[in-house]
Amino acid sequence: MPRTTAPDIAAAKGKRKIAMLAAYDYTSARLAEAAGLDVLLVGDSLAMVVLGHDDTLSVTMDEMLHHVRAVAKGAQTALVVADMPFLSYQVSVEAAVANAGRFLKEGRAGAVKLEGGRAIVPQVRAMVAAGIPVLGHVGLTPQHVATLGGFKVQSKTAEAAATLLDDALALAEAGCFAIVLECIPAPVGAAVTRAVSVPTIGIGAGPDCDGQVLVFHDVLGLYDRLRPRFVKQFAALGEQAVSALTGYVEAVRSSDFPGPEHSFSMDPQAQASFAALIDRTDDALDATPAKP
Ligand code: KIV
């Protein structure tokens, strides 16, 4: 199957729902690939889920690139989108294009994602002009956690919802191939989806978006530090993992592991010679006079 491209995702609007997942390494990318995901986002949420930070602000370009490369290796057909970390695109348009380009050139991603509305339209235009597909992201934008005052539902008033709609329209007009809508009331998600020409990918934005995105660890029940209302766990692998690891610890302590099936045998002659060699070495050591 050929690799999904940003234009393929743009063309899916109104035809089929888009399934996207935030995944951070080679193994999870391969699992997602086997499950048929359309888009794998190497989200800056890896700062929290993989690196254990309290928010997404401190993850660096180099850390993101490290994970993007791994996901790109594991994904054969899904579109890989690299999330641009905090301050890698806000400071200047030139730096934004250079950093975005690194994700395609060095990371082998097929697109990048930026958080923000009209304020980042110059960056979006410059990236698209340079040949870099851009996924927009409005609503709850975690890189603004300090100004938003926490991870909260956005666009709850008519005015805030209208501002969000204008931001989404501006991003689509600037060339974004799709837009993530995070943590907004479902009617706002539906209205934005109707109004913009490109697909919307919702996370806590209701059922009417053109696609949905969740985090790998949330879908599988592996991350328990934060459990927003919009998360649906499709498995409880965290509990299964603890139970499996407990079994391993017990087996090591009771010497049940490793068994003969996990061990390597030795040619009997080589084993006998080895034993004789050890005996001679022991004898030689015994014969050595003790130091005063
Ligand atoms: O970083 C991330 O994982 C994201 C998605 C939740 C949209 O931005």
Side-chain angles (χ1 to χ4, degrees), residues 6 9 18-25 28-29 32 37-61 63-68 70-71 75 78-90 100 103 107 109 111-117 120 134-145 148 150-155 164 167-168 171 176-184 189 192-193 198-206 209-220 222-223 225-234:
I9 296 302
I18 300 155
M20 172 163 141
L21 185 74
Y24 315 109
D25 63 17
S28 50
L37 266 296
D38 298 303
V39 185
L40 294 185
L41 168 70
V42 187
D44 63 353
S45 50
L46 75 82
M48 300 169 73
V49 178
V50 176
L51 304 178
H53 299 304
D54 290 334
D55 55 44
T56 60
L57 302 184
S58 42
V59 69
T60 65
M61 273 297 297
E63 285 168 335
M64 289 300 300
L65 265 169
H66 181 75
H67 288 267
V68 170
V71 170
L79 171 66
V80 175
V81 179
D83 214 357
M84 297 205 58
F86 183 52
L87 294 191
S88 68
Y89 57 97
Q90 293 92 337
F103 283 121
V112 297
K113 177 170 84 61
L114 318 188
E115 294 183 8
I120 57 144
V134 180
L135 176 61
H137 181 165
V138 291
L140 172 58
T141 46
Q143 290 178 15
H144 296 91
V145 64
L148 295 177
F151 299 119
K152 297 174 180 166
V153 182
Q154 301 297 306
S155 303
L164 179 102
D167 281 335
L171 290 173
C176 285
F177 68 89
I179 303 170
V180 170
L181 305 179
E182 180 164 353
C183 219
I184 55 173
V192 174
T193 301
V198 296
T200 58
I201 316 276
I203 175 161
C209 296
D210 298 303
Q212 297 291 328
V213 55
L214 281 177
V215 166
F216 179 89
H217 296 65
D218 288 338
V219 173
L220 298 181
L222 288 167
Y223 182 74
R225 270 185 77 186
L226 204 68
R227 175 104 185 262
R229 179 189 166 91
F230 57 71
V231 165
K232 175 167 175 178
Q233 292 187 342
F234 288 80

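Each ligand, and each atom within it, is numbered from 1 in the order the structure gives. Only this structure's heavy atoms are used, side chains among them; waters, hydrogens and symmetry mates stay out. Just so we're clear, the structure is a prediction, and the values are computed from it rather than from any experiment.
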Proximity to ligand 1 by part of [X], non-hydrogen separation under 4.0 Å:
X: D44; value: both
X: D83; value: side chain
X: E115; value: neither

For the atom pair [atom1] ([X]) and [atom2] ([Y]), what is the distance rounded to the nearest 0.5 Å?
X: L46; Y: M64; atom1: CG; atom2: CE; value: 5.0 Å
X: L135; Y: L171; atom1: CG; atom2: CG; value: 9.5 Å
X: H144; Y: Q90; atom1: NE2; atom2: CD; value: 6.5 Å
X: Q143; Y: D44; atom1: CD; atom2: CG; value: 5.0 Å

Atoms of ligand 1, numbered as shown, that sit under 4.0 Å from any heavy atom of [X]:
X: A22; result: 3 (O)
X: G43; result: 1 (O), 2 (C), 3 (O)
X: H137; result: 8 (O)

What protein heavy atom lies closest to [atom]? Include the residue and the distance to one decimal.
atom: atom 6 (C) of ligand 1; value: I203 CD1, 3.6 Å
atom: atom 2 (C) of ligand 1; value: S45 OG, 3.2 Å
atom: atom 4 (C) of ligand 1; value: L41 CD2, 3.6 Å

Next item on the list: State if M20 counts as touching ligand 1 under the rule of any non-hydrogen atom under 4.0 Å.
Entry: no
Next item on the list: Please confirm whether K113 comes under 4.0 Å of ligand 1, counting heavy atoms of the residue only.
Entry: yes
Notebook entry, point to check: If you count the non-hydrogen atoms of other residues, nucleotides and ligands that lie under 6.0 Å from NE2 in H66, is the total more than 12?
Noted result: no
Margin query: For R225, I'd like to know if atom CZ has over 12 heavy atoms of other residues, nucleotides or ligands within 6.0 Å.
Written below: yes
Note to self: For M20, is there any backbone N or O sitting under 3.5 Å from a side-chain donor or acceptor partner on D38?
What the structure shows: no
Item checked: G206 backbone acceptor or donor facing Q212 side chain under 3.5 Å -> yes
